[in-house]
Amino acid sequence: MARSAAPPERVYLDHNATSPLRPEALEAMRSVFAENTANPASLHAEGRAARAIVEGAREDLARAIGCAANTIVFTSGGSEAIESIVRGVCDRAPVYMRRVVVSAVEHSAVLGAVRALEDRGFTVEVVPCDADGRVDVDAFVGQLRRHTALAVLQWANNETGVLQPVDEVARACRTAQIPVLVDAVQALGKVEIDPREVPADFFAFSSHKVGGPQGVGAAVVREGIALAPLIHGGNQEMRRRGGTPAVASLAGFGAATRAAVGGLRDESRRLLRLRARIETRLRDLFPDTRFHGQTAPRLSNTVHFGVPGVSGELLAIGLDAAGVAVSTGSACASGAVEPSHVLEAMGLDADVARGGVRVSLGWDTTVPAVDRFLDALPGVVARIRESNGPGVAR
Amino acid sequence: MNGTEHRPTPSAGDGITAVAMSGGVDSSVAATLLAREGRDVVGFSMRLVSGLAGATDESARYGRCCSPEDFLDARRVADRWGFPHYVLAMEEEFERHVLRPFAEDYVRGRTPSPCVRCNTFVKFGVLFGKAAAVGAERVATGHYARLDREPGTGRTLLRRAADPDKDQSYYLFDLSQAQLARAEFPLGAMTKDAVRDAARDAGLANADKPESMDLCFVANGDDYREFLAREGLAEGGKPGAIVDRDGAVVGRHDGVERFTVGQRRGLGVSGAAPRYVTRIEPAESLVVIGSREDLERDRCTIERCRWIAFDRPPEDGVRATVRIRAGHSGATADVRPLGDGRAEVRFDEPQSAITPGQAAVAYDGDLVLGGGWIASS
């Protein structure tokens with residue numbers, strides 16, 4: 001990798017981690033930063049203009065997901081949305097309601113929030129998934145016994161892209177009158193969100209997954225539910241979430257959501273073709289490639305795979321050195337790669353679980369970019385395979 | 001100025017250099033020196049230990065070094081000089097190559113040198129393999145040692161560092177020629193003070209970070225015996241007898257792994273003269289104690305020898321200064337090959353507490369001839 005020539009442009013294929021800021025979002029934010037950064041709670045003209053921007057973003061999200069604007073509570077992101085719903089429901093649950101039901105493949109934001117409840121006497125029932133990473137509806141519904149305070153199921157998995165049966169599960173929860181949170185963080189802008197199809201009590205959304213800025217998201221609380229706030233503060237968001245909103249970022253969130261949801265069908269088809277290109281070439285290059293979650297319904301932008309004998313960590317590092325950004329498992333506090341709890345829940349043994357690499361495409365992914373990734377891959381794999389073993393020969 | 005300059009090593013050149021970065025001042029300066037020279041550097045921090053059982057607070061989870069905070073320090077250095085930095089999860093390899101053999105040695109009545117194994121199998125073994133994934137051609141570390149190329153043969157030679165107090169050549173004796181040819185020690189010609197000055201000059205935040213020379217995987221305030229017991233690495237000590245040199249039982253113990261040759265404390269025996277562990281017989285679970293004089297021997301056998309300055313020592317032996325542990329300054333001796341990768345070391349003067357399991361490293365002046373592992377007698 002010579003440093004003398006100007007480095008070629010990098011290829012970014014990690015949209016499920018963060019989808020780069022869309023030009024529409026950047027423009028919306030730039031104009032707010034340039035023109036008006038007043039506090040939306042103020043009564044003066046500047047404040048009211050800021051308020052209008054926030055409410056405009058709320059309308060954008062409301063239209064995109066088919067929910068009423070007053071069910072939307074803006075937060076600092078997906079994790080806060082999830083935490084505030086989990087805490088809002090469970091903190092106020094009657095003492096005999098001490099069960100929470102989640103799937104084994106939930107995001108760490110969900111697992112972390114519900115594990116913290118165990119210290120307070122809650123039991124967390126983890127429903128296993130099949131080899132494809134999909135939860136069985138009957139198995140999940142079977143856990144919805146009495147005294148269940150909350151059920152949580154993700155719409156789409158961040159690692160494999162696998163889609164969960166949220167429609168059936170949400171309907172079953174409504175019937176059983178058990179509050180259900182659907183983590184839609186990875187679904188927004190990728191699949192159609194319709195609360196008539198998925199009648200969940202709560203949804204969680206995140207701006208930076210749809211190409212908006214990091215630092216904002218939303219909790220959606222079904223009408224009629226009074227959710228106790230996580231952040232009490234100054235009664236903002238109709239007393240559901242205190243604190244001055246990040247006006248410019250919300251404008252970006254709204255603009256990104258409009259752009260993502262607007263072109264959703266065509267974009268989905270385009271990404272499907274790009275992904276097929278990747279999966280085909282992977283099979284040609286490495287016939288023993290394992291695809292994770294491939295036979296389940298999936299987001300069209302995600303492919304999670306493993307090449308036998310090649311560690312996912314080294315593959316991601318090697319690709320990074322070759323100018324391609326992909327992901328593996330999840331990062332921990334020290335920045336090292338952890339084995340994926342999702343792959344382990346799918347029954348893959350530890351070694352295979354460490355071999356996974358996630359490629360996730362998005363709005364700015366082009367055919368040439370995908371090809372540059374595919375062209376870099378054989379060299380990186382060859383280098384890793386060559387160096388496998390105890391290291392330098394002794 | 002002598003001792004303060006970094007002189008480019010013979011292996012410098014084009015290609016990527018991986019730098020093992022603990023976040024401590026030594027590896028940070030090593031990386032800084034290479035980056036400032038315009039070398040193509042990639043930093044790697046190795047997470048060798050995490051979630052230690054029984055750690056009472058977060059900081060103890062990771063042992064004495066290599067916590068997430070330490071890796072942040074390494075990342076800051078990388079960001080400062082604009083080179084990539086990755087954290088590698090290597091707990092499994094560290095347990096396999098270092099921790100298990102560490103425990104097994106103690107159970108066998110031997111006192112291990114885990115840092116030697118870590119260099120041999122982890123830092124210049126596993127890590128090099130992983131670094132090859134980014135095309136690295138060599139691994140640089142913050143070790144205080146010097147490398148040299150022998151003209152004519154192309155053999156890589158290992159020498160003591162310029163700073164005798166910081167010299168770490170002892171821990172590197174077991175590297176093969178292939179490994180030495182791909183190693184680099186930017187700090188070898190520098191004193192510790194010069195390194196700290198360099199850190200301060202470069203504005204590195206960890207310039208004054210305190211360092212410990214104790215076992216990296218044992219947390220501050222912890223003891224290796226408790227560590228072994230908690231981590232389930234030593235299979236519950238087999239109690240046995242403490243005997244004197246005539247075989248008379250003078251006490252009881254809870255497991256031979258709690259003892260090392262030369263140990264004076266924790267024997268549970270009273271008496272006028274100080275008593276020391278002179279021998280450990282793991283098969284009978286015996287700890288033999290004796291006087292200070294009983295500790296002295298004038299010879300030992302070393303096994304699994306690694307020779308660096310030559311392929312093998314001459315048949316009739318070679319004169320050397322031999323260090324029988326890291327803290328030993330060395331004693332003059334004859335070293336004679338016995339075949340089978342073994343050698344006999346005959347000291348001019350009797351040495352105290354020659355301990356099976358420890359590395360014995362032979363020097364000719366500042367040149368490391370090689371060494372081996374002290375055999376159980």
Side-chain angles (χ1 to χ4, degrees), chain A residues 1-5 7 10 307 309-341 344 349-357 376-394, chain B residues 14-16 23 38-42 44-47 50-51 58 61-62 66-72 74-75 83-93 96-97 120-136 138-139 174-183 306:
Chain A
M1 217 176 87
R3 275 253 180 97
S4 44
R10 289 176 56 89
V307 179
V310 179
S311 110
E313 174 188 65
L314 291 185
L315 191 46
I317 289 175
L319 282 168
D320 181 35
V324 179
V326 299
S327 163
T328 124
S330 33
C332 79
S334 65
V337 169
E338 296 296 334
S340 157
H341 73 278
E344 284 175 347
D349 69 50
D351 274 336
V352 181
R354 279 175 165 228
V357 162
L377 202 47
V380 174
V381 169
R383 266 208 299 253
I384 294 170
R385 279 182 165 158
E386 238 173 66
S387 68
N388 267 346
V392 181
R394 293 174 41 77
Chain B
D14 287 336
I16 296 169
R39 299 272 296 278
D40 223 334
V41 171
V42 177
F44 289 96
S45 291
M46 300 176 289
R47 203 181 63 202
S50 68
E58 182 64 17
R61 280 188 69 197
Y62 305 95
C66 302
S67 67
E69 286 68 40
D70 294 316
F71 295 160
L72 267 176
R75 174 64 61 89
F83 60 81
H85 167 258
Y86 305 100
V87 178
L88 300 174
M90 288 171 56
E91 290 92 338
E92 207 181 277
E93 292 92 335
R96 195 181 340 135
H97 291 296
T120 309
F121 294 104
V122 179
K123 289 187 184 152
F124 296 97
V126 176
L127 177 64
F128 181 75
K130 291 184 188 262
V134 300
R138 65 190 73 79
V139 173
D174 207 11
L175 297 182
S176 67
Q177 276 298 305
Q179 288 176 306
L180 290 171
R182 286 177 179 77
R306 161 81 58 196

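Both backbone and side-chain heavy atoms feed into the values below; hydrogens, waters and symmetry mates do not. Letters A, B, ... are given to chains in the order of the sequence lines, protein chains preceding strands, and every chain is numbered from 1.
Closest of all the heavy-atom pairs between A133(B) and I384(A) is CB-CG1, 3.6 Å. For the pair S387(A) and G129(B), the tightest heavy-atom approach, listed with the atom from each and the gap, is OG-O, 3.0 Å.
In this view, E386(A) satisfies the side chain to side chain contact (heavy atoms under 4.5 Å, CB included) rule with no residue, not counting sequence neighbours. The salt bridge (charged side-chain N to carboxylate O under 4.0 Å, His left out) search around K123(B) returns none, not counting sequence neighbours.
Residue E93(B): no heavy atom, backbone or side chain, is found under 4.5 Å from chain A.
Going from atom CZ of F44(B) over to atom CD1 of I317(A) covers 5.5 Å, rounded to the nearest 0.5 Å.
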